[in-house]
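Convention: sequence-line order gives letters A, B, ...; per-chain numbering from 1.
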Protein chains: 2
Amino acid sequence: MKTTIYDVAKEAGVSIATVSNVINNNGRVGEKTRQKVLKTMAQLEYSPSVVASALTGKKTNTVGLLIPDISNPFFADIARSIEDRGNELGISVIICSTDNLEEKEKKYISLLIRKSVDGFILASGVKSLDLLEEVMEKKIPVALIANDIPSLPITTVTIDDFKGGYIGTKHLLSLNHTKIAMIAEHAWSNIQRINGYKQALLEQNVEPREEYFIKTEATIERGKEAGLQLLNLEEPPSAIFACNDLLAIGAIEAARELGFDLPNDLSVIGFDNTVLCRLTVPKLTSVSQPIHDMGKKVFDMLLDSDFTNQKTLFMPELVVRESSGKYKDTV
Amino acid sequence: MKTTIYDVAKEAGVSIATVSNVINNNGRVGEKTRQKVLKTMAQLEYSPSVVASALTGKKTNTVGLLIPDISNPFFADIARSIEDRGNELGISVIICSTDNLEEKEKKYISLLIRKSVDGFILASGVKSLDLLEEVMEKKIPVALIANDIPSLPITTVTIDDFKGGYIGTKHLLSLNHTKIAMIAEHAWSNIQRINGYKQALLEQNVEPREEYFIKTEATIERGKEAGLQLLNLEEPPSAIFACNDLLAIGAIEAARELGFDLPNDLSVIGFDNTVLCRLTVPKLTSVSQPIHDMGKKVFDMLLDSDFTNQKTLFMPELVVRESSGKYKDTV
DNA sequence: ATGAAAGCGCTAACAT
DNA sequence: ATGTTAGCGCTTTCAT
């Protein structure tokens, strides 16, 4: 049988309350007794049951992480940063890939509620706001990372997406591009990025063109489709700003297929600065999110009620690689 | 307060035992009572506590997944496949990125034991065999995926690594390459791949050369270093077989840096067939593991004692893309 | 400083 | 078919 607190108590000749106290460092234990208990705990290889402890109202030291897909490198990076912080704190992270499906979202959340997780970190766009409010009513902490629901008071860690869109576009503008297209996806963060893009254009008196703007899903395939569509335009753009790296990679594929030579005939920049950026040819210029810091921060905010419903904004940074270059009117 | 089984019992006018029975579908409940209980459960939005249930000896419906690094696409894929199966079964998966560090491995395992997880799935090379045996002594199920510890009787799902090494090499041989180098990493699976590689060479009377063989860590950087070393040889290889895609990508970078034109001057093939293969230029030929099937299988074997300590072997397949081509003696 | 005992929410005999 | 009750391993008053 598994050793319990009773075994330790008996062996050490003390009560279970005392053992409990030494486990939790709850004062009122004489130094001698403490040592004796510690020793027998070691002897018996006793390890306290989190399950039993949780039943008495203590934490489960487990949080749920909802992301669209763990096999997407961007989210895998987020997961890793959160997991690392969890490991430091002795808290386990349960992964939940929702594929942005409301059904999966619900299933995962209700299961994790039954498991009494200490909180939820959401990196996916939340489909079911009702569910989310239900969770918050139950006083289960919730925090968002790399996405926001502006309509809700909720703990959030994001980058300044407006600025992200702005600096990316500025970069292209500074390379003399004016025919700058944007491929975005449906997400709140993207709306801000789009606004930043438009702001940058307007500041240079460049009128955003309707046909240079595509909204689609965040996959390489869709990015390629969008790229194809853009580059087959009568007057194709000389630069494409993709709202995430996957879309950018798709756009690059499209460009290669159509015989464009990057960055001479076309500049492409991405967003997120994932590991993928260094794999593309040419290497992808991208707007970077400080994922590691963000993961740590969101975890800490989740657990510290001082931060409840606060919003933390990190600053994006442009990482210039080889996929963006000076505009040359070669046509 | 949270609704408990008592609230439901009282509201429905039955005993908690009856409620428990309808929750668990434990026969002996009249249809009328069952309906009544079901209804009040819904009314009260009752959701049974897994924690309390676990304390009475039932499962926690949680497993731990130990991998080297969730941000490595190969392992993210494994995680996803396991998570998917878990979701179907109502079982949660806790991610544990060990970085192949014994210290982390220990910390994760002992924490998860305290949490009474139902089992462990290990995708990382296990550093501490003692720890592993300790887990098995505690009768906690353990299963390995994509790696093996031949010295231990333990549930395992792998591919036939020997065959993987063999078919990759055969492919290169069939393209008339004879100067075939191999970049491997330290892992049991790689030993088998190496054996397969040697076997294929021997069958064609090609003598494996010492200088064409490098063992290193599984990162792009190391792959690049290895590639540089190989290609700077007096008589550089005409083909490189990397034991995983990361190494292959590094090798491709090295080749590009040195001005090699793939696949004309050099063929490179990888192993694992990760998403990265379609991102490289040229697209990477790679030996594929049926990860999705393997994830499902390992989960099922973990939970079904019929399979305890059995070893399941899946078959690798070669996915030919653009990075491997006919040998041309252009030098 | 330490111990006795109640209770957390549930399961599983055992009764009825 | 349904109810009673004794745990599961731990935390936490409340006594001593």
Side-chain angles (χ1 to χ4, degrees), chain A residues 1-38 40-41 44-62 90 111-118 138-139, chain B residues 1-38 40-41 44-62 90 111-118 138-139:
Chain A
M1 228 11 244
K2 199 180 173 305
T3 24
T4 72
I5 198 170
Y6 286 95
D7 304 322
V8 177
K10 186 187 290 176
E11 184 69 23
V14 298
S15 77
I16 58 165
T18 301
V19 178
S20 176
N21 280 336
V22 355
I23 292 171
N24 302 291
N25 273 309
N26 280 355
R28 27 173 129 276
V29 180
E31 193 46 34
K32 260 174 96 173
T33 332
R34 149 168 277 106
Q35 289 306 330
K36 189 171 49 184
V37 171
L38 249 19
T40 55
M41 275 177 33
L44 273 50
E45 294 184 336
Y46 168 69
S47 89
S49 156
V50 174
V51 171
S53 156
L55 189 57
T56 71
K58 308 279 274 192
K59 308 242 164 211
T60 51
N61 293 321
T62 307
L111 177 59
L112 292 194
I113 289 179
R114 298 213 294 116
K115 291 195 175 170
S116 312
V117 292
D118 297 336
K138 290 196 197 322
K139 305 293 179 202
Chain B
M1 229 12 246
K2 199 179 174 306
T3 27
T4 73
I5 199 171
Y6 286 96
D7 304 322
V8 177
K10 186 186 292 177
E11 184 69 22
V14 298
S15 77
I16 59 165
T18 302
V19 178
S20 176
N21 280 336
V22 355
I23 293 172
N24 302 293
N25 273 309
N26 280 357
R28 24 173 132 278
V29 180
E31 192 47 33
K32 260 174 95 173
T33 333
R34 149 168 275 107
Q35 290 307 330
K36 190 170 51 181
V37 171
L38 248 19
T40 55
M41 275 175 35
L44 272 49
E45 293 185 335
Y46 168 69
S47 90
S49 156
V50 174
V51 170
S53 156
L55 189 56
T56 72
K58 308 280 274 191
K59 308 243 165 212
T60 50
N61 293 321
T62 307
L111 177 58
L112 293 193
I113 289 179
R114 298 212 294 116
K115 292 196 175 167
S116 312
V117 293
D118 297 336
K138 290 195 196 324
K139 305 293 180 204

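Interatomic distance, Glu45(A) CD to Lys138(B) NZ, rounded to the nearest 0.5 Å: 6.0 Å.
When the C1' atoms of four end pairs are superposed on the next four at each end of the helix from dA1(C)-dT16(D) to dT16(C)-dA1(D), using five pairs per end, the two resulting axes differ in direction by 40°, to 10°.
The only member of Leu38(A), Asn24(A), Val37(A) that meets side-chain contact (heavy atoms from CB on, under 4.5 Å) when paired with Val19(A) is Val37(A).
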Can you give the donor-acceptor pairs under 3.5 Å from side chains of residues 47-60 of chain B to other protein atoms, not counting sequence neighbours?
| unit_1 | atom_1 | unit_2 | atom_2 | d |
| --- | --- | --- | --- | --- |
| Ser49(B) | OG | Val51(B) | N | 3.2 |
| Ser49(B) | OG | Ala52(B) | N | 3.0 |
| Thr56(B) | OG1 | Ser53(B) | O | 2.8 |
| Thr60(B) | OG1 | Ser116(B) | O | 2.7 |
| Thr60(B) | OG1 | Asp118(B) | OD1 | 3.1 |

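Tyr46(B) and Thr3(B) make their closest contact through CD1-O, 3.5 Å (heavy atoms, listed as atom of the first residue, atom of the second, distance).
With rounding to whole Å, Lys36(A) atom NZ is found 15 Å from dA1(C) atom P. For Lys10(A) and dG9(D), the NZ to C1' distance is 14 Å, given to the nearest whole Å. Atom NZ in Lys115(B) sits roughly 16 Å away from atom P in dC10(D) (whole-Å rounding).
Taking the side-chain contact (heavy atoms from CB on, under 4.5 Å) definition, one finds that Leu111(A) meets it with Arg114(A), Lys115(A), Ser92(B), sequence neighbours left out. By the side-chain contact (heavy atoms from CB on, under 4.5 Å) test, Glu31(B) pairs with Arg34(B), Gln35(B), sequence neighbours left out. Residues that satisfy the side-chain contact (heavy atoms from CB on, under 4.5 Å) test with Thr4(B), not counting sequence neighbours, are Tyr6(B), Asp7(B).
Residue order along DNA chain D, read from the 5' end via each residue's closest nucleotide, puts Thr33(B) first among Gly57(B) and Thr33(B).
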Practice task
Sugar-phosphate means primed atoms, P, OP1 and OP2; the rest is base. With that split, encode nucleotides 9-16 of chain C 5' to 3' as B, S or - using protein heavy atoms under 4.0 Å.
Solution key: BBBB----
Exercise for the section: Could you give me the CA-CA distance, side-chain angles and deciding distance for Asn26(B) and Ser20(B), then say whether side chain to side chain contact (heavy atoms under 4.5 Å, CB included) is met? Expected result: CA-CA 8 Å; Asn26(B) 280 357; Ser20(B) 176; 5.8 Å; no
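OP1 or OP2 of dG3(C) has at least one side-chain nitrogen or oxygen of Thr18(A) nearer than 4.0 Å.
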